[in-house]
Amino acid sequence: MINVGIVGSGFIGPAHIEALRRLGFVQVVALCDGSLVKAQEKARLLNVPHAYGSVEALLAHPDLHVVHNCTPNHLHAQINRQILRAGKHVFSEKPLCMTPEEARELVALAEQAGVVHGVSFVYRQFAMVRQAASMLRAGSLGRIFASHGSYLQDWMLLETDYNWRVDAVLGGASRAVADIGSHWCDTVQYVTGRRITEVMADLSIVWSTRRASKGGNQTFSHDEQAEYEDKPVTTEDFGSVLFRFDDGSKGNFSVSQVSAGRKNRLTFEINGSERSVAWDQEIPQQLWIGHRDRANQTLTDDPGLMNPDVADSAHFPGGHIEGWPDAFKNMMAQFYRAVQAGVMPEAAQFANFHDGANVMYIIDAIVKSHQQQRWVRLER
Ligand code: SOE
């Protein structure tokens with residue numbers, strides 16, 4: 001059995017634990033949170049045998065092999081560093097850190113440590129996203145003309161919606177782009193096999209002051225009875241980005257956390273000279289395939305109908321719809337196969353620290369582009 005420790009038990013820590021438990025060869029042995037009391041309470045609720053009130057104490061747990069960093073953004077770099085210095089395999093929530101400098105440092109540390117390193121970019125692990133990537137690899141779209149899409153949510157729509165992500169000190173200089181645009185970029189770079197090299201961005205804040213619940217808000221939660229205090233907002237609620245890929249092809253995407261009715265709608269469409277593909281995270285089992293000279297198709301996640309090289313990313317016969325928790329399981333399965341082998345695979349299908357750093361360079365360029373109102377080339 002592989003022994004795992006989880007740091008952080010907010011919205012996402014329990015999702016990691018659930019996915020790990022579905023693998024069968026991994027056990028979550030310890031959990032750590034900001035205080036021992038909170039960690040003990042969460043460990044009891046989540047049936048985790050050991051609880052710790054500090055990362056140091058968790059890292060000293062006997063026979064610990066892997067640590068997942070599921071903390072708020074401002075703690076990512078510091079805790080990833082600690083895990084690497086302890087020589088443990090590391091799986092970090094996104095974004096990898098808060099600045100490009102930290103990203104470069106973490107990539108170097110991960111390489112030196114010789115451990116398996118992963119970043120939680122989960123959307124590339126959906127069966128139909130992997131199918132789209134397989135089709136592109138096989139050349140079935142032809143020459144790529146355009147890539148576009150958006151990632152829209154509504155959990156920050158109201159003036160009374162607040163969360164640590166709003167505070168630049170805790171969430172970073174960018175919010176919507178770093179929180180969900182990061183997923184869009186990773187997913188589309190994975191599908192196309194191309195890298196974004198230049199961006200032109202326009203970011204907007206719709207609530208320059210938000211009314212924060214004095215009791216604090218979890219991600220996606222809303223408390224009707226709360227008492228509020230005013231807090232200034234310096235991070236974007238939505239943004240539009242034009243980009244250029246390394247092969248000269250182009251695209252654009254928008255991100256928004258204030259789009260009423262859109263819960264977690266990551267969509268992309270890629271247009272090639274032969275056909276198009278489009279995908280929507282809220283109907284994840286369908287891949288739309290667009291044609292000019294015949295009727296369009298909707299391919300569903302039936303392993304028997306998918307390309308053989310990616311058919312193992314759907315686990316049930318067609319019609320048994322798989323979604324976000326299943327993509328999470330796929331991501332963990334990829335990562336833990338590498339942990340079993342003890343080395344980073346040649347062509348990892350899970351996002352690693354290099355991918356996490358790459359997205360940090362994109363976010364940094366987007367923020368600079370907005371501030372300077374011009375095209376910005378990525379600095380790696
Ligand atoms: C909040 O916007 C959030 O939970 C992100 O932080 C996740 O990465 C995304 O998968 C869903 O939305």
Side-chain angles (χ1 to χ4, degrees), residues 6-19 68-76 91-98 118-126 129 149-158 161-168 170-190 203 205-207 210 216-222 233 235-239 253-268 279-284 322-332 335 350-351 355-356 359-360 362-363:
I6 306 283
V7 187
S9 59
F11 161 67
I12 207 68
H16 285 237
I17 294 174
E18 188 203 291
H68 288 228
N69 184 354
C70 302
T71 58
N73 299 358
H74 72 293
L75 298 173
H76 287 180
F91 194 85
S92 173
E93 257 308 321
K94 39 59 58 174
L96 177 61
C97 46
M98 301 244 282
V119 179
S120 193
F121 284 127
V122 63
Y123 296 95
R124 56 159 78 187
Q125 298 290 349
F126 279 80
V129 173
S150 60
Y151 194 157
L152 311 178
Q153 300 179 325
D154 72 359
W155 67 285
M156 296 301 296
L157 178 68
L158 307 177
D161 291 325
Y162 197 84
N163 174 262
W164 58 262
R165 287 180 171 78
V166 175
D167 182 347
L170 303 182
S174 154
R175 172 162 36 96
V177 169
D179 188 35
I180 53 177
S182 59
H183 280 300
W184 195 91
C185 293
D186 179 74
T187 307
V188 170
Q189 292 193 127
Y190 176 77
L203 310 180
I205 295 172
V206 301
W207 293 113
R210 283 182 180 263
N217 276 102
Q218 276 250 16
T219 307
F220 288 115
S221 79
H222 184 72
V233 176
T235 55
E236 77 282 359
D237 293 303
F238 80 91
F253 68 92
S254 352
V255 286
S256 164
Q257 296 183 311
V258 289
S259 294
R262 299 305 188 191
K263 303 303 169 190
N264 198 40
R265 192 169 189 264
L266 188 167
T267 59
F268 64 78
W279 183 74
D280 173 352
Q281 199 279 148
E282 291 186 349
I283 37 169
E322 296 180 43
W324 193 83
D326 306 288
F328 235 84
K329 184 184 95 174
N330 283 348
M331 174 171 72
M332 296 308 176
F335 178 78
F350 59 89
D355 300 302
V359 170
M360 288 309 302
I362 299 175
I363 297 168

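Order of appearance sets the numbers: ligands from 1, and atoms from 1 within every ligand. All values reported here derive from a predicted model rather than from experimental measurement. The chain is numbered in sequence order, starting from 1.
- Here the options are Lys263, Arg265, Arg262, the test is salt bridge (charged side-chain N to carboxylate O under 4.0 Å, His left out), and the partner is Asp154; only Lys263 passes.
- In plain terms, the two heavy atoms of Glu236 and Val177 that are nearest each other are OE2-N, 2.8 Å.
- Those atoms of ligand 1 with a heavy atom of Tyr151 less than 4.0 angstrom away are 9 (C), 10 (O), 11 (C).
- Phe253 and Trp184 have parallel rings, their planes meeting at less than 30° on a 0 to 90° scale where 60° marks the start of perpendicular.
- In the model, Thr71 has no side-chain atom that pairs as donor or acceptor with a side-chain atom of Glu93 under 3.5 Å.
- With a 4.0 Å heavy-atom cut-off, ligand 1 is reached by no atom of Ile12.
- Listed by atom number, the atoms of ligand 1 under 4.0 Å from Arg165 heavy atoms are 6 (O).
- By the 30° and 60° cut-offs, the orientation of the rings of Trp324 relative to Phe328 is tilted.
- Side-chain atoms of Asp179 and Tyr151 form no donor-acceptor pair, as typed in the model, at a separation below 3.5 Å.
- If you number the atoms of ligand 1 from 1 as listed, the ones under 4.0 Å from a heavy atom of Asn264 come out as 11 (C), 12 (O).
- Against a heavy-atom cut-off of under 4.0 Å, Gln257 is close to the following atoms of ligand 1: 2 (O).
- Ring planes of Phe91 and His16: perpendicular class, angle over 60° (limits at 30 and 60°).
- Taking a cut-off of under 4.0 Å to the non-hydrogen atoms of Phe11, the atoms of ligand 1 that pass are 4 (O).
- Look at Lys94 and you'll find a heavy atom under 4.0 Å from some atom of ligand 1.
- Set against the non-hydrogen atoms of Trp155, the atoms of ligand 1 under 4.0 Å away are 1 (C), 2 (O).
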If you apply the rule side chain to side chain contact (heavy atoms under 4.5 Å, CB included), what do you find for Phe238 with Gln257, and how did you get there?
CA-CA 6 Å; Phe238 80 91; Gln257 296 183 311; over 6 Å; no
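- Phe121 does not count as a contact of ligand 1, since none of its heavy atoms falls under 4.0 Å from the ligand.
- For ligand 1, the atoms lying closer than 4.0 Å to a non-hydrogen atom of Tyr123 are 9 (C), 10 (O), 11 (C).
- Residue contact check: Ile180 has heavy atoms under 4.0 Å from atoms 2 (O) of ligand 1.
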